[in-house]
Amino acid sequence: MTTEASTATAPYEELAATVRGELILPGDPGYDEARAVYNGMINKHPAAIVRCSDTADVVSCVRFARQHGVEVAIRGGGHNAAGLALADDALVIDLSRLRSTTVSPENHTVRVDPGCTWGDVDHATVAFGMATPSGFVASTGVAGLTLGGGIGYLARRFGLTVDNLLEADVVLADGTFVTASETSHSDLLWALRGGGGNFGVVTSFTFRCHDIGEHGTIIGGPVLYDFADTPEVMRWYRKLLPSLPEELNGWIGLITIPPGPPFPEELWGRKACCIVWCYTGPHSKADEILEPVRTYGSPLVVGLHPMPFTVLQSAFDPLFPAGLQWYWKADFFNEISDAAIDVHMKYGAQLPTGQSTMHMYPIDGAASRVPADATAFAYRDGGWAGVIVGVDPDPAKADLLSQWARDYWQALHPTSAGGGYINFMMAEGEDRIRASYLGNYDRLAQVKRRYDPDNVFHVNQNIRPEGASGS
Ligand SMILES: Cc1cc2nc3c(=O)[nH]c(=O)nc-3n(C[C@H](O)[C@H](O)[C@H](O)COP(=O)(O)OP(=O)(O)OC[C@H]3O[C@@H](n4cnc5c(N)ncnc54)[C@H](O)[C@@H]3O)c2cc1C
């Protein structure tokens, strides 16, 4: 195994002479900026960071790291909560400069570089009235989100991001390069569809796209209810959602109403239960389909409007700029039980800061019709991916945020389905990773043994190669 860091002896000047991208070392002027990730709680000190300019640079980095026994980390969008784009003393293969997209309107596909954000992809595809399923926030990296599963507004209608991943170019642990598709290295494609960054460095993703809304204009936005109405709203929502046409999706959460437009000033700072809806079907049917969600209960705000899909996708970005303190806890839920609602009421009333929140993202409709063993992403029973996040700009609040999130999770966990979405997890140990893959873990370990037997790529929610000690 070649994963022990031995940075003192690695001849980085040799690597600098090989790559076309930028090599950044401790002490260089851009080092602190290059080691910063989205979560301001993460403070890691890599031995070197290479901002790759092409696939050849990725190959050089992998070969160099193997040859010199240096640990490898891979950075896509840098959004991972646990800071898995970086590791102390590692060589970081930073893909953030690789941000091209190529849309084929004719084939309904988009080919995406590994440093793209979802904002880059939506910008490219929505111009043609199409999108591929992604998440709920534009600044998130395509690479990490895709490799973990990808849960977003289009999941009910078109499945998870991984269900739309057609092909991936991958630099493997021995420095060789393969394209994984249904017809070539199909075992690798299966594993990339949810198994995280365990199998190689993906240098290109090709996704299936779908026509959405009226040439990319959808109808969406938030409906907010008084926090005290949460139990009734959650009971209504849990029953309504599965019965809705799959063109309509909506996640539910507990929030503090942000102090700024478009929210009326008298509501700023008030705790609320929110559902953010997205309707991607024909507008001629919108009034009828949206009627129940517009008229239920006594909403504080009904903010549903036609807008380009790109606008809804990026609506949360200004509320959550890079560099805030984030602490995440997650679980999957097959149901929102009455016991769970009691827990939400208790801890929702104690949201520790204005940006702290709880969200439940649906995994039903098309996403739940995919068999559990068809991709590495195993939770296909129809339910929700829940996430509790303590968020604030102030590093002094880090303990407060993490304690609240842990207490909330501890109380809610007995109502969950067991595992959690790996893309929402911190470093929580092997049992949690196994629980997140259900029956797919052993097959993932076999694919890992085939493509990365020495566990070179282990700065992730790690799947140990079958037969490795501890697996
Ligand atoms: C504000 C916010 C909103 C989010 N919203 C959603 C959402 O709506 N839906 C959803 O599904 N998830 C969401 N997430 C979670 C998101 O999916 C993860 O944070 C994901 O890891 C981000 O990917 P990244 O490329 O930005 O991460 P990075 O931190 O760059 O990487 C994450 C992991 O992927 C690996 N990796 C990155 N690039 C590659 C590559 N090219 N090849 C191989 N391995 C690679 C890394 O080594 C690391 O282990 C959100 C996260 C944040 C912070």
Side-chain angles (χ1 to χ4, degrees), residues 36-42 44 52 55 58 62 71-87 90 92-96 98 112-119 133-155 160-162 168-173 180 191-192 194-205 249 251 253 276 278 313-314 316-317 319-324 326-328 330 355 357 359 361-363 367 377 385 387 389 391 420-427 451-452 456-463:
V37 286
Y38 185 79
N39 184 355
M41 250 185 222
I42 306 298
K44 293 186 183 163
C52 298
T55 299
V58 175
V62 171
E71 191 172 22
V72 174
I74 312 165
R75 178 183 182 131
H79 258 53
N80 187 267
L84 294 173
L86 306 175
V92 178
I93 300 176
D94 181 337
L95 304 163
S96 60
L98 302 173
V112 178
D113 275 359
C116 284
T117 64
W118 283 107
S134 57
F136 301 93
V137 172
S139 61
T140 315
V142 170
L145 180 140
T146 299
L147 295 170
I151 305 163
Y153 286 114
L154 305 181
L160 302 179
T161 307
V162 284
D169 291 341
V170 190
V171 175
L172 300 174
L192 295 174
N198 275 283
F199 306 95
V201 186
V202 179
T203 56
S204 175
F205 298 84
N249 195 2
W251 59 265
V276 183
C278 176
Q313 283 284 85
S314 54
F316 291 93
D317 291 24
L319 297 175
F320 296 108
L324 303 178
W326 289 75
Y327 191 89
W328 299 60
Q355 286 155 308
T357 186
H359 295 174
Y361 300 126
I363 312 180
F377 188 98
V387 63
V389 274
V391 191
Y421 179 32
I422 58 143
N423 272 349
F424 290 161
M425 284 177 9
M426 306 299 278
Y451 290 97
D452 183 16
V456 170
F457 301 114
H458 63 266
V459 181
N460 42 43
Q461 302 293 355
N462 195 227
I463 293 158

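Residue numbers run from 1 in the order of the sequence given. Counting convention: from 1, in listed order, for ligands and their atoms alike. When reading the values below, keep in mind they use all heavy atoms of this one structure, side chains included, and skip hydrogens, waters and symmetry mates.
- Among V170, D169, V112, the one residue that satisfies the side chain to side chain contact (heavy atoms under 4.5 Å, CB included) test with V202 is V170.
- Using cut-offs of 30° and 60° on the angle between ring planes, the pair W251 and H359 is tilted.
- Of all heavy-atom pairs between M426 and W326, the closest is CE-O, 4.2 Å.
- If you look at ligand 1, the protein residues with a non-hydrogen atom under 4.0 Å away are Y38, I74, R75, G76, G77, G78, H79, N80, L84, A85, L95, P114, G135, F136, V137, T140, G141, A143, G144, L145, L147, G150, I151, G197, G200, V201, V202, W326, W328, Y421, N423, F424, V459, N460.
- Shown here for D113 and L98, the closest heavy-atom pair between the two residues is CB-O, 3.1 Å.
- Classification of the Y153-F136 ring pair by plane angle, with boundaries at 30° and 60°, yields perpendicular.
- M425 and Q461 get closest at one heavy-atom pair: O-NE2, 3.3 Å.
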